[in-house]
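Encoded as structure tokens, the structure appears first; notes follow it.
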Amino acid sequence: IGTVRNAYCSNPYHNWHHACDVTQTVYAFLTYGDGAKYLEPIEVFSLLLGAICHDLEHPGVNNAFLVTTGADLSLLYNDRSVLENHHCAQAFRIFKDPHINVLAGLTPEQFKEVRGCLLTCILATDMARHSEYMVKMRAFASSRDAIEGREKTDRLFLMEIL
């Protein structure tokens, strides 16, 4: 936790306090909102891990600014979800440290599952995709009486919107 905390920049919003707030909110949706009953345990773990890591090294500016100014990060990530890709990469760089790797005990299959979920969740925080998710959420809600959550695509979508 200390390493993750130290990877947050000191800016007015996308900081360690924001990460804790998001993580606590996701936890509340999972527990008090019964969201966890639709997910597999490894997905719950991935979602909470993604919440605490979702803004690692956020510089306090948005993707459009980075792309417009030709920042190194925009070049590295080809102008697509620049910050979100960076947050994912930083999380997995942290997890490579054997002393703090919370994923070390996972099987290769479990690691692949957690990595996929984490990438999905963090990349879904790109506000440029907000309208897309709203349309998808409305269609999802109108096509079902309740969240089924048993299909992998349904569970991933639930994780994206949380």
Side-chain angles (χ1 to χ4, degrees), residues 1-33 35-36 39 42-106 110-138 140 153 155-162:
I1 299 264
T3 302
V4 170
R5 179 183 181 156
N6 291 337
Y8 273 88
C9 298
S10 179
N11 62 57
Y13 185 75
H14 295 99
N15 54 43
W16 175 244
H17 298 288
H18 168 69
C20 291
D21 180 47
V22 169
T23 304
Q24 192 277 328
T25 300
V26 168
Y27 176 80
F29 284 138
L30 290 171
T31 55
Y32 305 117
L39 301 173
I42 199 163
E43 293 167 336
V44 171
F45 170 72
S46 301
L47 186 56
L48 290 168
L49 192 58
I52 200 72
C53 293
H54 84 280
D55 271 336
L56 289 173
E57 290 191 0
H58 197 296
V61 296
N62 63 21
N63 286 329
F65 178 85
L66 293 171
V67 171
T68 301
T69 60
D72 287 343
L73 281 181
S74 69
L75 299 175
L76 181 63
Y77 297 113
N78 300 310
D79 299 343
R80 298 184 196 270
S81 300
V82 174
L83 290 167
E84 295 73 22
N85 275 296
H86 182 66
H87 306 320
C88 291
Q90 291 312 106
F92 283 96
R93 281 189 187 102
I94 289 171
F95 302 149
K96 284 183 78 170
D97 182 334
H99 297 99
I100 57 172
N101 185 356
V102 297
L103 308 178
L106 300 178
Q110 290 171 324
F111 177 83
K112 184 178 178 183
E113 174 79 11
V114 169
R115 181 168 166 77
C117 288
L118 223 70
L119 295 175
T120 295
C121 291
I122 295 175
L123 290 173
T125 65
D126 185 350
M127 289 306 294
R129 298 187 64 200
H130 179 74
S131 294
E132 171 192 336
Y133 282 111
M134 291 303 295
V135 168
K136 196 172 169 184
M137 189 167 67
R138 285 185 190 105
F140 186 87
T153 55
R155 294 193 317 268
L156 281 174
F157 180 62
L158 177 61
M159 293 170 67
E160 286 174 321
I161 62 175
L162 283 178

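The first residue of the sequence shown is numbered 1, and numbering continues consecutively from there. Scope of the values below: all heavy atoms of this structure, side chains included, with no hydrogens, waters or symmetry mates. Quick caveat: nothing in here was measured; it's all calculated off a predicted structure.
Atom CZ of F95 is separated from atom OG1 of T3 by 10.5 Å, given to the nearest 0.5 angstrom. How far CZ of F29 is from CD of Q24: 9.5 Å, rounded to the nearest 0.5 Å. Note that CD of E43 and OG1 of T120 are 10.0 Å apart. Values are rounded to the nearest 0.5 Å. In this structure, the separation between CG on L103 and CZ on F111 is 6.0 Å, given to the nearest 0.5 Å. To the nearest 0.5 Å, the span separating CD on E160 from OG1 on T153 amounts to 10.0 Å. Once rounded to the nearest 0.5 Å, the distance linking CD of E57 with CG of L73 reads 8.5 Å.
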**Request:** Mind running side chain to side chain donor-acceptor pair (under 3.5 Å) on N15 and H17 for me, showing each step along the way?
**Result:** CA-CA 6 Å; N15 54 43; H17 298 288; 5.4 Å; no
**Request:** For the pair L76 and V82, evaluate side chain to side chain contact (heavy atoms under 4.5 Å, CB included) and give the outcome as yes or no after the intermediate values.
**Result:** CA-CA 8 Å; L76 181 63; V82 174; over 6 Å; no
**Item:** L158 and L162: CA distance, side-chain angles, deciding distance, side chain to side chain contact (heavy atoms under 4.5 Å, CB included) verdict
**Value:** CA-CA 6 Å; L158 177 61; L162 283 178; 4.2 Å; yes
**Request:** Let me see the working for Y77 and E84 under side chain to side chain contact (heavy atoms under 4.5 Å, CB included), right down to the final yes or no.
**Result:** CA-CA 10 Å; Y77 297 113; E84 295 73 22; over 6 Å; no
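Among the candidates L118, V44, V4, the single residue satisfying the side-chain contact (heavy atoms from CB on, under 4.5 Å) test with L49 is L118.
Counting all heavy atoms, side chain and backbone alike, A7 lies closest to I94 at CB-CD1, 4.0 Å. For V114 against F45, the heavy-atom pair with the smallest separation is CG2-CD2, 4.2 Å. The two atoms that bring I161 and M137 nearest to each other are CD1-SD, 3.9 Å, heavy atoms only. Between C88 and L123 the shortest heavy-atom distance is SG-CG, 4.3 Å.
When atom types are taken as modelled, the side chain of H87 and the backbone of L83 share a donor-acceptor pair closer than 3.5 angstrom. Y8 places a side-chain N or O within donor-acceptor distance of the main-chain N or O of D55, the cut-off being under 3.5 Å. Between the side chain of N85 and the main chain of S81, a donor-acceptor pair closer than 3.5 Å is present. In terms of modelled atom types and a separation under 3.5 Å, the side chain of T68 and the main chain of F65 share no donor-acceptor contact. Side chain of N6 to backbone of G2: a donor-acceptor contact under 3.5 angstrom is found. S74 places no side-chain N or O within donor-acceptor distance of the main-chain N or O of D79, the cut-off being under 3.5 Å. No donor-acceptor distance shorter than 3.5 angstrom exists from the side chain of N63 to the backbone of D126, with no hydrogens or angles considered.
Taking a 6.0 Å sphere around CZ of F92, one finds it holds more than 12 heavy atoms contributed by other residues, nucleotides or ligands. Surrounding OH of Y27 are at most 12 heavy atoms belonging to other residues, nucleotides or ligands under 6.0 Å away. Sparse packing is recorded around NZ of K112, with 12 or fewer heavy atoms of other residues, nucleotides or ligands lying under 6.0 Å away. Counted within 6.0 Å of CG on D72, heavy atoms from surrounding residues, nucleotides or ligands total 12 or fewer; the atom is thus considered open.
Ring geometry for H14 against H58 counts as parallel: the plane angle stays under 30°, on a 0 to 90° scale with 60° as the upper cut.
With contacts defined as side-chain heavy-atom distances shorter than 4.5 Å, the pair H54/H18 qualifies. Here the side chains of V22 and T25 are not in contact, with every heavy-atom distance at 4.5 Å or above. Side chains of C117 and M159 form a contact here, defined as non-hydrogen atoms less than 4.5 Å apart. At a threshold of 4.5 Å between non-hydrogen side-chain atoms, the residues P59 and N11 do not count as touching.
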